[in-house]
Amino acid sequence: MILRPLFPLMKPAALAALALLLAGCAATQVDVEPVQKVDVPKQWGDASSADSAAQLVLDTDWWKQFGSAELSKLVNEGQQNNFEIAAAMSRVRQAEANARIAGAPLLPDADFAGSANRALPLSGGTPTTTASGMLEINYEVDFWGKNRAGLAAAEASLRANLYDRETVALTVTSGIVSTFLQVLSLRDRLQIAQQNVANAQRVLKLVEAQSRAGAASPLDLARQRSALANQQAALPDLMQQERDAQTALAILLGRPPQNFSVGEKGLASIQMPKIAAGLPSELLTRRPDIRRAEARLAEANANVAVARAALFPSIRLTGSTGAQSNALLSLFDGPNLLANLGASLTAPIFDAGRLSSRRDLAVAQKQELVQVYRSAVVSALSEVEKSLGAIRSLEERYRLKNQEVDQARFAFELSEIRYRSGAEDLMVVLDTQRILSEAQNQLGQIKLQRLQATVSLYKALGGGWRDDVRYGNPGTESGGTSQKINGAS
């Protein structure tokens, strides 16, 4: 139903009645069932009370705590050149453009059209020139808040993309640190494997000397040669793993792997950071992925308002002014000027439930994102808990495995001395050599796991990220959303 011009012809009483009707429509709200509150524990299960109550202070450059200048350089390079971070930044720019587009309907549209025409009669006569110019302004009255809600949704989407960019950056940074540590660990394991080969070669020379003297059998000689070959066979696989890890690191840095190589030789120069987990409640403001989930929920909430407003009439004001003249120079003379002002009202009557279904869809999408937010909170809590538990377990395993390596090395050295003197069988030497090799390899893996568990804890705690530092707290509205979903929507 379109009425033009409507308001200039209506009586005051009719206008008052229409205003009451529109106000009554505007008061209509969508009923959304309450959302169950997310229970956040008071302290971590795998941390002591002192650790949980400690003030959580994470440096945004948390990777510097490992004490490697090369690692810091690689992280800075990755943050600048990584393809995933660059793609996330492009999505931020897209969201910024969409926010500007969504804000445009809040202001009037102005269009100007001008034309000039000269007629030349074919049968003779005087040529005539006509000219016209028209300025038209259109404005949709945002009576139901549809355009404002659309802008709010676009701004929430922008915040979500900003948080997504930070989430990607944190993931990439964690990947760079973890892969760098893996390269160094593989180099340590390769060095241990080379030492084991050297030990096996030394024992083989001893067995060969005793075989020539008749003190060792051909079976002993074959067994030691087999043990040496087994130690040598481990080298190519470790070399390939080290190359693969360097390739993965180069990809994270956004550079071809052919000319890339890590300078550090092993984990000996890497420091073992210690951080306090803080309180679980602090996690909700320190994780960009949680803030992203909040922003998506705020966007869905605004989309519900947009879908609801589409059920009500739309009011558009139109104004135009212009001139038409038979002479171009007299186009803007007083007698040639004209103006027009009108208003239109369009209301849906029958759409087979399309608009109401869109509203129901928006409500269902919001309810889905409520659960996504709650899932993000629970997942974040579980990630911190798992990292804390892994750190405590790996510290104890490393301590015990280190003792095992010391005793295994002593047993191997003692068995070799006894074998030289003829007091021990070669099988004992081979067995102690195998136990030492396995224990050293396991110790290197545990050390890597302990370092990577620290990286996981940094990541789970948000890596020192704070949105009020980077963006001037753009999540104010999403923070309000968090209060809503902990109570009622």
Side-chain angles (χ1 to χ4, degrees), residues 179-249 257 260-270 394 397-452:
T179 308
F180 177 80
L181 295 174
Q182 184 179 5
V183 172
L184 301 189
S185 175
L186 286 168
R187 289 181 174 179
D188 284 342
R189 291 174 59 190
L190 185 60
Q191 183 179 7
I192 292 173
Q194 292 170 343
Q195 292 175 353
N196 291 331
V197 169
N199 292 337
Q201 289 173 338
R202 187 178 67 252
V203 174
L204 177 60
K205 291 181 180 180
L206 176 61
V207 176
E208 288 175 341
Q210 292 188 349
S211 177
R212 288 191 296 269
S217 67
L219 179 59
D220 291 339
L221 186 61
R223 283 174 174 171
Q224 184 55 31
R225 286 174 176 171
S226 175
L228 174 60
N230 181 63
Q231 296 290 348
Q232 291 174 330
L235 296 179
D237 181 59
L238 289 173
M239 291 179 181
Q240 183 60 43
Q241 291 183 44
E242 191 262 347
R243 286 193 295 268
D244 291 344
Q246 286 201 96
T247 299
L249 182 57
F260 174 73
S261 178
V262 174
E264 293 275 359
K265 300 302 181 182
L267 292 175
S269 60
I270 301 298
L394 289 168
R397 286 178 58 191
Y398 185 81
R399 183 184 66 82
L400 296 175
K401 184 62 67 173
N402 204 24
Q403 294 178 1
E404 179 184 346
V405 169
D406 291 340
Q407 295 301 317
R409 183 181 293 108
F410 176 74
F412 171 68
E413 294 172 352
L414 183 61
S415 65
E416 185 179 355
I417 294 174
R418 289 173 59 84
Y419 179 73
R420 288 177 183 273
S421 62
E424 200 66 77
D425 186 72
L426 178 63
M427 288 299 298
V428 176
V429 179
L430 296 178
D431 188 53
T432 55
Q433 182 182 12
R434 176 186 57 81
I435 292 176
L436 175 61
S437 175
E438 292 178 354
Q440 288 176 325
N441 189 48
Q442 292 171 2
L443 180 65
Q445 292 179 354
I446 293 174
K447 185 176 182 180
L448 173 63
Q449 292 171 3
R450 170 63 179 85
L451 288 167
Q452 289 183 331

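These numbers were taken from a predicted model, which means no experiment stands behind them. Values below: every heavy atom of this structure, side chains too, minus hydrogens, waters and symmetry copies.
With values rounded to the nearest 0.5 angstrom, Q231 atom CD is found 12.5 Å from L204 atom CG. Taken to the nearest 0.5 Å, the CG atom of L436 stands 9.0 Å off from the CD atom of Q195. Taking CG of D188 as the reference point, atom CG of L238 lies at 11.0 Å (rounded to 0.5 Å). Expressed to the nearest 0.5 Å, how far CD of Q201 lies from CG of N196 amounts to 11.0 Å. A distance of 11.5 Å separates CD in E404 from CZ in R409, rounded to the nearest 0.5 Å. Note that CG of N199 and OG1 of T432 are 10.0 Å apart. Values are rounded to the nearest 0.5 Å.
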Could you walk me through whether R397 and R450 satisfy the side-chain contact (heavy atoms from CB on, under 4.5 Å) test, starting with their C-alpha distance in whole Å, then the side-chain angles of each, then the deciding distance to 0.1 Å, before giving a yes or no? CA-CA 10 Å; R397 286 178 58 191; R450 170 63 179 85; over 6 Å; no
Worked check of side-chain contact (heavy atoms from CB on, under 4.5 Å) between L451 and F180: CA-CA 11 Å; L451 288 167; F180 177 80; over 6 Å; no
After noting the C-alpha distance and the side-chain angles of Q241 and Q182, does the key distance pass the side-chain contact (heavy atoms from CB on, under 4.5 Å) rule? CA-CA 9 Å; Q241 291 183 44; Q182 184 179 5; 5.9 Å; no
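With hydrogens and angles disregarded, no donor-acceptor distance shorter than 3.5 Å links the side chain of S437 to the backbone of Q433.
F412 has its side chain within reach of V203: a pair of non-hydrogen atoms, C-beta onward, lies under 4.5 Å apart. Y419 is not listed as a side-chain neighbour of V428, based on a closest heavy-atom distance of 4.5 Å or more. Side-chain atoms of I192 and N441, non-hydrogen and from C-beta on, never get closer than 4.5 Å to each other. Taking 4.5 Å as the limit, every side-chain heavy atom of K447 sits out of range of all side-chain heavy atoms of K401.
Annotation for F410: atom CZ does not count as buried by contact number, only 12 or fewer foreign heavy atoms lying within 6.0 Å.
A245 and T179 make their closest contact through O-CG2, 3.3 Å (heavy atoms, listed as atom of the first residue, atom of the second, distance). Of all non-hydrogen atoms in S415 and V429, the two that sit nearest each other are O-CG2, 3.5 Å. Contact record, S185 with G444: OG-O, 3.7 Å, taken as the closest heavy-atom pair.
R399 meets the salt bridge (charged side-chain N to carboxylate O under 4.0 Å, His left out) test with E396; sequence neighbours excluded. Under the salt bridge (charged side-chain N to carboxylate O under 4.0 Å, His left out) criterion, D431 pairs with R434, sequence neighbours left out.
Looking at K205 and E208, no side-chain N of the basic residue comes within less than 4.0 Å of a carboxylate O on the acidic one, giving no salt bridge.
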Side-chain donor-acceptor pairs of residues 218-229 under 3.5 Å, sequence neighbours excluded:
| from | atom 1 | to | atom 2 | distance (Å) |
| --- | --- | --- | --- | --- |
| D220 | OD2 | S217 | OG | 3.4 |
| Q224 | NE2 | A200 | O | 2.9 |

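A side chain to side chain donor-acceptor pair (under 3.5 Å) check over residues 260-270, counting only residues at least two apart or in different chains, returns the pairs S68-E264, E264-S269. For residues 227-248, every residue pair satisfying the salt bridge (charged side-chain N to carboxylate O under 4.0 Å, His left out) rule, not counting sequence neighbours, is listed here: R187-E242. Sorted by first and then second residue, the salt bridge (charged side-chain N to carboxylate O under 4.0 Å, His left out) pairs involving residues 410-420 (not counting sequence neighbours) are R202-E416, E416-R420, R418-E424.
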